[in-house]
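To keep things clear, I will list the structure first and then write my remarks on it.
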There are 2 protein chains.
Amino acid sequence: MPFKKEQHSKESCNTHLNAVKDALYVLNGKWKLPLILALQNGPLRFNEIQKSLGEITPKILSKELKDLELNEFLNRKVFSTTPVTVTYELTAYSASLERVIDELRIWGTQHRERLVNHRKTDYRMQEVAT
Amino acid sequence: MPFKKEQHSKESCNTHLNAVKDALYVLNGKWKLPLILALQNGPLRFNEIQKSLGEITPKILSKELKDLELNEFLNRKVFSTTPVTVTYELTAYSASLERVIDELRIWGTQHRERLVNHRKTDYRMQEVAT
DNA sequence: GATACCGCTATCCTTTTGGAAAGTAGTATC
DNA sequence: GATACTACTTTCCAAAAGGATAGCGGTATC
């Protein structure tokens, strides 16, 4: 079967492209993945997430949490304590992202190593050049 | 060894997060992945890419191609024909993205199926409700 | 009644991203 | 010398994303 490469019909390409776009669509923006990773150690409250992420403003955090809830990556739970307690926790569905996130992490790691090596090489070349 | 979950130190989380961010950084924007997928069938010329992608303007295409070239995902080759011919082709390094793209595609596909099923369910529930 | 805490929302503003339209450089043909 | 072709670049503009700052509603404590 030497013809694996020939499966690139225009339709299948578009299907593939749309699937990739769908995936990136729900992970887009500056905060989606940081949020998901932050919640992987267990549920957190609104203010705890804010502290954990550092510089996110409440407006943005609120919007991102709503987006993630709509995509069923997390659940919002309200407890009638005083003052009220609201927690956000990852759903079982969010675990389906594991392989995607793993591959992004693996690729990102080796890409960064590659960049560092290039910089070293550039530096050596400069030394030689001067 | 039942403590796999306990490996979530703050430092390792940040390392993971940064790696994921690095990966998404080079794939960001509306056109990076469409471009890479378009070139997977072989090199294309500037105008061919434009036609293939449909609605991209020359300014954006030029910028995106430069970004991808900087990241060493593709090579720009100039042929001294008349008029000049310029082709863009994927590098060997771009193949390192294969697993990332595969996982995005797989996840995107099942996510879309899931959304379609939800819509069907919602429709049935509306029918029952009226 | 003033103050404090939580979980937000509202308003306004800046930055980033993407795009429309026109123009340019080099070469060749009529 | 006008026109055409490829591969862009330039200028100007609109939309989207992100952020700073202030405020609100509910509850409790002093």
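All figures in this text were calculated on a predicted structure; none of them were measured in a lab. Below, read A as the first sequence line, B as the second, and so on, with proteins coming before strands; counting in each chain starts at 1.
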Are the side chain of A/Asn18 and the backbone N or O of A/Asn14 linked by a donor-acceptor pair below 3.5 Å? yes

Can a side chain N or O of A/Lys63 be found less than 4.0 Å away from OP1 or OP2 on D/dA16? no

Which nucleotide in the list D/dG18, C/dG7, D/dT9 gets nearest to the side chain of B/Pro58? D/dT9

To the nearest angstrom, how far is B/Lys51 atom NZ from D/dT6 atom C1'? 10 Å

Five-pair end axes of the helix from C/dG1-D/dC30 to C/dC30-D/dG1 and the angle they enclose, rounded to 10°: 30°

For a quick check of understanding: with a heavy-atom distance under 4.0 Å over all strands, which category does B/Phe79 fall into, base, sugar-phosphate or nothing? nothing

Of the nucleotides C/dG18, C/dT9, C/dA22, which one has an atom closest to the side chain of B/Lys59? C/dG18

Reckon A/Thr85 touches a base, only the sugar-phosphate, or nothing at all at heavy-atom distances under 4.0 Å? sugar-phosphate

So, B/Thr91 side chain and B/Phe73 main chain: donor-acceptor pair closer than 3.5 Å or not? yes

Checking salt bridge (Lys or Arg N to Asp or Glu O under 4.0 Å) between A/Asp22 and each of B/Arg112, B/Arg114, B/Arg105, which is the one that passes? B/Arg112

When the ring planes of B/Tyr93 and A/His111 are compared, do they come out parallel, tilted or perpendicular, using 30° and 60° as the limits? parallel

Of the listed nucleotides D/dA7, C/dC5, C/dG7, the one nearest the side chain of A/Pro83: C/dC5

Whether A/Arg99 and A/Asp102 form a salt bridge (side-chain N of Lys/Arg under 4.0 Å from carboxylate O of Asp/Glu) is what I want to check. no

